[in-house]
Q: 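One structure is given below, represented as structure tokens, and several questions about it will come after.
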Amino acid sequence: MIDFTLLTFKNLLESLQVHNYQFFTVEEYFTGSIASSTNRPLAGFPSPHPFIILRHDVDRKPKNSLATAIIENKLGIQGTYYFRLDSKSFNVDIIKQIADLGHEVGYHYETMDTINEKFKMNNLKFKSEEERIDEAYKLFCENLEQLRKLYPVKTICMHGSPRSAFDNRDIWKKYSYKDLGIVGEPYFDIDFDRFFYLTDTGRRWDGFRYSIRDKVPQQERWIKEGLIFKTTNDIIKAAQENKLPTQIMITVHPQRWTNHVGNWMKEYCLQSCKNVVKRFLIDYRKQ
């Protein structure tokens with residue numbers, strides 16, 4: 001079975017459903033809907049009652065996100081779709097369609113990066129790091145308001161560019177997203193001692209080796225426990241053999257998943273090159 005096709009994606013979801021995993025949005029987790037719908041507390045890792053928090057980072061190609069959203073809807077699955085506020089991701093019509101399919105829409109924020117680029121383009125300089133954070137927060141609020149015109153956004157998630165010198169989470173060193181009616185941010189509010197984290201970062205499921213931002217400290221423990229999966233088929237096999245933890249957060253980048261041969265090859269080649277660059281950056285920063 002060829003990996004990173006929509007058929008493989010569908011097979012993954014179906015395999016997890018067959019093995020009694022229930023799927024929930026990020027908002028449902030933070031608001032306690034998982035506990036109420038399954039009549040059980042959110043405690044213990046692993047748990048005898050398997051469930052998955054399903055997250056999608058819409059970095060680009062929003063049409064691909066609509067394709068995965070439709071597949072999930074047909075399977076009775078709802079997930080969270082985090083949209084960036086740029087031309088590669090933000091698409092009003094597609095956001096509305098995904099929301100109409102029953103999925104949650106959230107904000108994939110990157111305002112530390114974007115405000116820095118904006119100042120550079122205008123030949124401006126920040127007087128201090130505090131001013132940089134203030135301006136990034138102001139832009140965050142503006143973007144959140146724009147997205148909330150389409151959907152009542154309750155959760156957010158940081159977008160991290162491997163080439164950036166900034167961490168977009170730094171705005172929360174001074175401000176609180178809870179003051180804006182945000183109920184949670186996965187990188188701050190999900191306890192990965194209780195959740196196993198699977199992400200297709202790097203167009204592979206063991207992409208933590210090539211990831212600069214999308215990392216959690218528990219990865220070393222999971223490696224020792226043999227929880228390493230390179231392909232989607234590896235995950236499906238682990239589910240069939242009951243080797244997966246029972247509480248999981250899965251992050252999908254829908255631009256990687258397509259049935260179009262040309263786009264599949266382009267994504268494969270592009271991501272392979274990016275992985276080499278990211279591996280170099282990781283090694284360089286360790287020096």
Q: Does Leu7 sit in a hydrophobic cluster with other residues, and if so which ones, taking ILVMFWY side chains as linked at heavy-atom separations under 4.5 Å, directly or through other members?
A: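 Noted: Leu7 shares its cluster with no other residue.
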Q: When Ile, Leu, Val, Met, Phe, Trp and Tyr are grouped by side-chain heavy atoms lying under 4.5 Å apart, directly or through other members, which residues fall in the same group as Leu124?
A: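 Ile115, Phe119, Phe126, Leu139, listed by chain and number.
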Q: By salt bridge (charged side-chain N to carboxylate O under 4.0 Å, His left out), which residues pair with Glu110, not counting sequence neighbours?
A: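 Counting only residues at least two positions away or on another chain, Glu110 forms a salt bridge (charged side-chain N to carboxylate O under 4.0 Å, His left out) with Arg84.
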Q: Considering only NZ, NE, NH1 and NH2 on the basic side and carboxylate oxygens on the acidic side, decide whether Lys173 and Asp170 come within less than 4.0 Å.
A: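 Looking at Lys173 and Asp170, the cut-off is met.
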Q: Taking only residues two or more places apart in sequence or in another chain, which ones pass side chain to side chain contact (heavy atoms under 4.5 Å, CB included) with Glu130?
A: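 So Glu130 forms a side chain to side chain contact (heavy atoms under 4.5 Å, CB included) with Ser128, Asp134, Lys174.
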Q: Test of understanding: with side chain to side chain contact (heavy atoms under 4.5 Å, CB included), list the residues that count as partners of Asp179, not counting sequence neighbours.
A: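 Residues passing side chain to side chain contact (heavy atoms under 4.5 Å, CB included) with Asp179: Ser176.
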Q: Please identify each residue that fulfils side chain to side chain contact (heavy atoms under 4.5 Å, CB included) with Val18, with sequence neighbours left out.
A: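 Side chain to side chain contact (heavy atoms under 4.5 Å, CB included) list for Val18, sorted by chain: empty.
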Q: Tell me every residue that passes side-chain hydrogen bond (donor to acceptor under 3.5 Å, both in side chains) with Glu131, counting only those two or more places apart in sequence or in another chain.
A: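 Result, side-chain hydrogen bond (donor to acceptor under 3.5 Å, both in side chains) vs Glu131: none returned.
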Q: Got a sec, which residues hit side chain to side chain contact (heavy atoms under 4.5 Å, CB included) with Glu241, two or more places apart in sequence or on another chain?
A: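 Side chain to side chain contact (heavy atoms under 4.5 Å, CB included) check on Glu241 returns Lys237, Lys243.
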Q: Measure the shortest side-chain to side-chain distance between Asp57 and His159 over non-hydrogen atoms and say whether it is less than 4.5 angstrom.
A: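 A side-chain contact under 4.5 Å is absent here.
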Q: Supply the atom-to-atom distance Asn11 CG to Ile71 CD1, rounded to the nearest 0.5 angstrom.
A: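 The distance works out to 9.5 Å.
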Q: One thing to verify: whether Arg256 and Glu267 come together as a salt bridge, which I'm taking to mean a side-chain N less than 4.0 angstrom from a carboxylate O.
A: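 Looking at Arg256 together with Glu267, the answer is yes, because their closest N to O distance falls below 4.0 Å.
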Q: Please list all pairs meeting salt bridge (Lys or Arg N to Asp or Glu O under 4.0 Å) that have one or both residues in residues 63-77, counting only residues at least two apart or in different chains.
A: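 Passing the test, one end in residues 63-77: no pairs.
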Q: Who pairs with Phe23 by ring pair (Phe, Tyr, Trp, His ring centres under 6.0 Å), at least two apart in sequence or on another chain?
A: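 Checked Phe23 against ring pair (Phe, Tyr, Trp, His ring centres under 6.0 Å); zero matches.
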Q: What residues, two or more places apart in sequence or in another chain, satisfy ring pair (Phe, Tyr, Trp, His ring centres under 6.0 Å) together with Tyr107?
A: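 Scan of Tyr107 (ring pair (Phe, Tyr, Trp, His ring centres under 6.0 Å), adjacent residues dropped) gives Phe140.
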Q: Which residues pass the side-chain hydrogen bond (donor to acceptor under 3.5 Å, both in side chains) test with Thr232, sequence neighbours left out?
A: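 Thr232 satisfies side-chain hydrogen bond (donor to acceptor under 3.5 Å, both in side chains) with Asp3, Trp205 once adjacent residues are dropped.
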Q: Does the side chain of Asp59 come under 3.5 Å of the side chain of Tyr82 through a donor N or O and an acceptor N or O?
A: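 No, because no side-chain N or O of Asp59 sits under 3.5 Å from a partner of the opposite role on Tyr82.
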